[in-house]
Student: 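Please read through the structure below; I'll follow up with questions.
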Amino acid sequence: MKEKILAEFKKLFGDYGDIRCYFAPGRVNLIGEHTDYNGGHVFPCALTIGTYAVVRKRDDRKLRFYSMNFENLGILESSLDDLKPEDTAGWTNYPKGILWAFHKRGMTIPNGMDMLLFGNIPNGSGLSSSASVEVVTGAMLRDLFGFDVSNQDLALIGQFSENKFNGVNCGIMDQFAIAMGRAGHAIFLDTSNLSFEYAPVSLENAKLVISCSNKKRGLGDSKYNERRSECETALAELQTKLSIQSLGDLTEEEFEANKDLIKDETRIRRARHAVTENQRTIKAVKALKANDITLFGNLMNASHISLRDDYEVTGIELDTLVEEAWKIDGVIGSRMTGAGFGGCTVSLVKTDAVDTFIEQVGTAYKNKIGYGADFYVVEIGNGPERI
Ligand code: GLA
């Protein structure tokens with residue numbers, strides 16, 4: 001891959017000077033969905049697919065961007081003196097947001113740069129292609145200019161820029177999973193205080209299969225921000241009696257005993273998802289540690305049902321993928337992953353059932369939805385690196 005992107009960079013921007021290459025992964029969340037902005041737990045892992053970046057400093061303040069995923073847009077020019085979001089060149093708002101966020105944190109970037117990106121994560125699929133671009137840009141700036149920032153800082157800078165520059169009110173999960181990724185491990189993160197633990201995911205005779213619905217979504221135009229504010233309102237209603245900081249502070253029992261404080265049926269369901277999903281995530285990590293993969297899979301299934309019925313972020317595409325997966329022998333668990341409203345599902349599938357899974361789910365999906373899904377058997381990879 002490195003040869004391919006380097007050759008493309010040299011062709012477009014010229015073959016001279018100090019040219020450097022970086023990689024940051026995408027992520028998949030195994031369980032703990034829509035809990036990260038509710039002070040709950042998440043359990044994501046980094047993938048071996050992600051975003052590659054090639055870069056060279058310039059002597060002036062110009063920024064020239066090119067994405068091999070959006071070749072038709074050509075080279076997009078901007079300047080360090082003009083860091084504001086633009087409609088026309090959607091994707092460059094992610095690297096530009098990171099440059100802007102470094103400035104905001106007092107890390108002044110002295111030189112412009114030429115930058116080429118290539119991602120092998122399907123765009124807009126819920127595997128965090130945008131957070132991957134954010135983290136690879138941060139890792140690149142750290143290395144190019146010698147800034148003293150930790151990987152955890154890279155995650156926080158990524159979230160800050162996505163919130164404030166790109167206008168998406170996302171939580172910390174995606175950037176954290178990507179910046180802190182470790183091969184063979186998922187990250188059990190408590191989003192209320194960012195304490196975390198790496199849990200080995202050693203699947204004997206099973207694989208992680210991602211099914212991509214090919215229904216595109218963008219967080220900005222989805223109902224993501226609406227769900228977030230529904231939860232905030234429900235929390236405020238609960239706080240009229242309870243001294244809690246977030247929905248993640250509640251057990252299922254405490255929630256059931258107090259849910260009548262929430263004055264709207266829909267908001268009760270939203271909050272119930274946030275509470276039960278957090279508890280499921282804690283239980284799932286315990287199950288994994290005890291090598292109880294069956295229980296882990298059952299909790300994944302329960303997570304999907306809660307996201308479908310209480311949180312209402314699935315839709316016919318994701319429901320079809322999951323419900324077809326559940327019919328297949330050898331599927332240990334299956335659920336939507338990421339924000340929802342399109343994007344991907346993640347399934348734990350016995351190795352000898354993977355081919356049947358792809359064939360049967362693929363056919364049933366196409367028959368029902370009218371277009372095909374894509375399937376990826378994935379491995380858990382490391383965080384960002386210079387390559
Ligand atoms: C998106 C957001 C994350 C998280 C998930 C849902 O991926 O970026 O912060 O909220 O949705 O779990």
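Atoms within each ligand, like the ligands themselves, are counted from 1 in listed order. All residue numbers refer to positions in the sequence shown, counting from 1. Quantities reported herein were computed from a predicted structural model and do not represent experimental measurements.
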Student: Is the closest N or O pair between Y37 and ligand 1 shorter than 3.5 Å?
Tutor: no
Student: Going by distance only, is there an N or O of G171 that falls short of 3.5 Å from an N or O of ligand 1?
Tutor: yes
Student: To which residues is L242 joined in a hydrophobic cluster, defined by side-chain heavy-atom contacts under 4.5 Å among Ile, Leu, Val, Met, Phe, Trp and Tyr, whether direct or through other members?
Tutor: L235, L238, I244, L247, L250, F255, L261, I262, I268, V275
Student: In ligand 1, which numbered atoms sit nearer than 4.0 Å to a non-hydrogen atom of G338?
Tutor: 6 (C), 11 (O)
Student: Identify the residue among K283, K259, R272 that makes a salt bridge (charged side-chain N to carboxylate O under 4.0 Å, His left out) with E252.
Tutor: K283
Student: Is there a side-chain contact between E8 and L116 (heavy atoms, below 4.5 Å)?
Tutor: yes
Student: Just by modelled atom types, is the A274 backbone N or O under 3.5 Å from a matching donor or acceptor in the N278 side chain?
Tutor: no
Student: Considering only heavy atoms of Y224, which atoms of ligand 1 have at least one such atom less than 4.0 Å away?
Tutor: 1 (C), 2 (C), 3 (C), 4 (C), 9 (O), 10 (O), 11 (O)
Student: Pairs of nitrogen or oxygen atoms closer than 3.5 Å, one from N29 and one from ligand 1: do any exist?
Tutor: no
Student: Answer yes when E232 and R228 have at least one side-chain N-carboxylate O distance shorter than 4.0 Å, and no when they do not.
Tutor: yes
Student: Do Y37 and Y224 have ring centres separated by under 6.0 Å?
Tutor: yes
Student: Within the 4.0 Å heavy-atom shell around M173, which atoms of ligand 1 are there?
Tutor: 4 (C), 5 (C), 12 (O)
Student: Is the closest N or O pair between S128 and ligand 1 shorter than 3.5 Å?
Tutor: no
Student: Please report whether ligand 1 has a polar contact with R27, defined as an N or O pair separated by less than 3.5 Å (distance criterion only).
Tutor: yes
